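To keep things clear, I will list the structure first and then write my remarks on it.
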Amino acid sequence: MIPQSIYFHYLSALLDGNKYECISIVEKLLEDDVPIKSIYVDLIQRSMYRIGHLWERQRASVASEHLATKISDNILSMMYPEISSGPKCARTIVVTCADKEFHELGARIISDYIEFQGWNSYYLGACTPKEELAKIVVEKQPDLVGVSVNLYMNMPRMLKMIEEIHSYIPHQQFIIGGQAFTHEKIVKIEDLDNVTYIPSLDHLENFLSVNFDTVIRERVHDVNI
């Protein structure tokens with residue numbers, strides 16, 4: 001776990017839009033060999049969830065939330081050389097967001113983290129039409145397709161994406177996740193064939209190790225960024 005003092009320091013800098021302070025904090029954590037997963041979950045994800053809650057309570061502006069998202073995305077890009085530096089396996093994943101879903105930070109974290117585990121990731125980002133996703137899945141024939149949904153109203157679009165892909169590749173495996181799955185009226189995932197709900201990076205690690213014999217990698221050396 002990242003100490004509370006560091007988390008609150010980072011959160012304060014993020015709310016202030018202080019990109020350089022946020023970068024400095026993450027650089028120091030990397031120098032101290034803090035695990036990549038901990039930086040993702042205990043710092044970036046936790047702080048963005050907190051800012052989302054503040055926005056819901058009208059204690060943070062839309063502009064502040066957007067700025068925090070962009071800073072977080074910059075930090076993920078800064079960390080990417082470490083993410084992509086390890087050995088690769090033959091596994092591939094296509095990661096995207098549901099059509100009309102513009103919140104892509106969670107999908108980016110999943111894409112980068114599974115690439116950190118040696119997979120090849122094709123990251124499509126936000127708002128991918130189901131027809132375009134189908135084309136690249138048919139072309140790449142990935143082991144997995146990951147779909148992120150943040151807003152509950154986009155859940156039907158996610159289901160249509162899965163249906164579209166399965167019309168071409170009936171046994172294509174999906175992992176799905178995002179804040180939409182915390183909604184009380186969530187669809188029953190067990191009713192969907194070849195679809196697994198992944199609520200966290202811990203669950204993702206377990207899923208990969210059980211289903212794909214992925215040996216979970218962790219940072220074992222310092223990196224200069």
Side-chain angles (χ1 to χ4, degrees), residues 1-3 6-7 10 19-20 22-49 69-97 103-126 128 133 136-137 139-148 172-178 196-225:
M1 287 287 293
I2 290 174
I6 293 178
Y7 161 71
Y10 179 86
K19 175 175 65 177
Y20 301 107
C22 291
I23 289 173
S24 176
I25 291 168
V26 173
E27 285 181 332
K28 182 62 167 60
L29 292 173
L30 290 170
E31 289 171 4
D32 291 342
D33 213 28
V34 172
I36 293 289
K37 184 172 74 171
S38 186
I39 295 175
Y40 281 167
V41 175
D42 300 327
L43 193 72
I44 298 174
Q45 185 184 72
R46 184 183 176 192
S47 62
M48 287 305 301
Y49 281 176
T69 300
K70 291 301 181 184
I71 291 173
S72 299
D73 193 60
N74 287 337
I75 287 173
L76 292 178
S77 295
M78 180 191 78
M79 295 170 63
Y80 187 74
E82 169 70 4
I83 297 300
S84 60
S85 64
K88 297 297 180 185
C89 64
R91 300 293 188 183
T92 60
I93 184 172
V94 171
V95 181
T96 187
C97 297
H103 297 82
E104 60 179 323
L105 192 64
R108 171 78 186 276
I109 288 176
I110 292 297
S111 176
D112 284 5
Y113 193 69
I114 203 169
E115 190 166 346
F116 183 56
Q117 303 308 329
W119 287 48
N120 295 292
S121 179
Y122 299 97
Y123 176 60
L124 305 183
T128 304
L133 176 62
I136 196 165
V137 171
E139 175 188 345
K140 301 299 183 183
Q141 297 287 308
D143 297 281
L144 278 174
V145 176
V147 183
S148 177
Q172 177 65 60
Q173 288 199 57
F174 283 82
I175 56 173
I176 56 177
T196 302
Y197 169 53
I198 302 292
S200 68
L201 290 187
D202 286 337
H203 285 81
L204 176 63
E205 286 183 350
N206 182 67
F207 176 82
L208 296 179
S209 63
V210 170
N211 295 278
F212 295 97
D213 297 323
T214 298
V215 177
I216 301 305
R217 177 190 175 209
E218 196 44 84
R219 251 179 120 255
V220 295
H221 61 278
D222 291 341
V223 59
N224 293 319
I225 294 181

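Predicted model, so just to flag it, every value in this text is computed and none were measured. All residue numbers in this chain count up from 1 along the given sequence. Computed over heavy atoms, backbone and side chain alike; hydrogens, waters and symmetry mates excluded.
Not counting sequence neighbours, the partners of Pro3 by the side-chain contact (heavy atoms from CB on, under 4.5 Å) test are Ser5, Ile6. Scored by the side-chain contact (heavy atoms from CB on, under 4.5 Å) test, Ser209 finds Asn206 as partners (sequence neighbours excluded). Gln172 is linked by a side-chain contact (heavy atoms from CB on, under 4.5 Å) to Val137, Pro142, Val145, Ile165, His166, Ile169, Phe174, counting only residues two or more places apart in sequence or in another chain. Under the side-chain hydrogen bond (donor to acceptor under 3.5 Å, both in side chains) criterion, Ser200 pairs with His203, not counting sequence neighbours. Residues meeting the side-chain hydrogen bond (donor to acceptor under 3.5 Å, both in side chains) test with Tyr123, sequence neighbours left out: Glu104. Taking Tyr197 as the reference, Phe181 meet the ring-ring contact (aromatic ring centres under 6.0 Å, His included) condition, with sequence neighbours excluded. Here Asp42 pairs with nothing under the salt bridge (charged side-chain N to carboxylate O under 4.0 Å, His left out) rule; sequence neighbours left out. Remark: Thr69 engages Met48, Glu65 in a side-chain contact (heavy atoms from CB on, under 4.5 Å) (not counting sequence neighbours). When the side-chain hydrogen bond (donor to acceptor under 3.5 Å, both in side chains) test is applied to Thr196, no partner is found at least two apart in sequence or on another chain. Lys28 meets the salt bridge (charged side-chain N to carboxylate O under 4.0 Å, His left out) test with Asp32; sequence neighbours excluded. A search for side-chain hydrogen bond (donor to acceptor under 3.5 Å, both in side chains) contacts involving Ser77 returns Arg108, not counting sequence neighbours.
Closest approach of Asp143 to Gln173, counting heavy atoms only: O-CB, 3.9 Å. In plain terms, the two heavy atoms of Cys97 and Ala107 that are nearest each other are SG-CB, 3.9 Å.
Between Ile176 and Ile198 there is no side-chain heavy-atom pair separated by less than 4.5 Å. Between Arg46 and Val41 the shortest side-chain heavy-atom distance does not fall below 4.5 Å. Looking at heavy atoms from C-beta onward, Gln117 lies out of side-chain contact with Arg91 at the 4.5 angstrom threshold. Side-chain contact between Ile71 and Ile23 is absent, with no heavy-atom pair separated by less than 4.5 Å. Met78 has its side chain within reach of Glu27: a pair of non-hydrogen atoms, C-beta onward, lies under 4.5 Å apart. With a 4.5 Å cut-off on side-chain heavy atoms, Tyr40 and Gln45 do not count as touching. Using a 4.5 Å heavy-atom cutoff, the side chains of Leu105 and Leu76 are in contact.
When each of Ile25, Ile39, Ile44 is checked for a side chain to side chain contact (heavy atoms under 4.5 Å, CB included) with Ile75, only Ile44 meets the rule. Of the residues listed (Val147, Val95, Val94, Thr96), the one engaging Thr128 in a side chain to side chain contact (heavy atoms under 4.5 Å, CB included) is Thr96, and it is the only one.
Interatomic distance, CG of Asp33 versus OG of Ser38, reported as 11.5 Å (0.5 Å rounding). In this structure, the separation between CD1 on Ile110 and CD1 on Ile175 is 6.0 Å, given to the nearest 0.5 Å. To the nearest 0.5 Å, atoms OG (Ser85) and CZ (Phe116) are separated by 7.0 Å. We find the CZ-SG distance between Phe212 and Cys89 to be 10.0 Å, quoted to the nearest 0.5 Å. To the nearest 0.5 Å, the span separating OH on Tyr10 from SG on Cys22 amounts to 4.5 Å. Between atom CD1 of residue Ile114 and atom CH2 of residue Trp119 there is a gap of 4.5 Å, rounded to the nearest 0.5 Å.
Listed for the Ser24 side chain is no donor-acceptor partner under 3.5 Å among the backbone atoms of Tyr20. Side-chain N or O atoms of Asn120 include none that pairs as donor or acceptor with a backbone N or O of Thr92 at under 3.5 Å. Between the side chain of Ser84 and the main chain of Tyr80, a donor-acceptor pair closer than 3.5 Å is present.
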Should Asn74 and Lys19 be marked as a side chain to side chain contact (heavy atoms under 4.5 Å, CB included) after you check the CA-CA gap, both sets of side-chain angles, and the distance that decides it?
-> CA-CA 9 Å; Asn74 287 337; Lys19 175 175 65 177; 3.5 Å; yes
Should Val34 and Leu43 be marked as a side chain to side chain contact (heavy atoms under 4.5 Å, CB included) after you check the CA-CA gap, both sets of side-chain angles, and the distance that decides it?
-> CA-CA 11 Å; Val34 172; Leu43 193 72; over 6 Å; no
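Sorted by first and then second residue, the salt bridge (Lys or Arg N to Asp or Glu O under 4.0 Å) pairs involving residues 114-124 (not counting sequence neighbours) are Lys88-Glu115.
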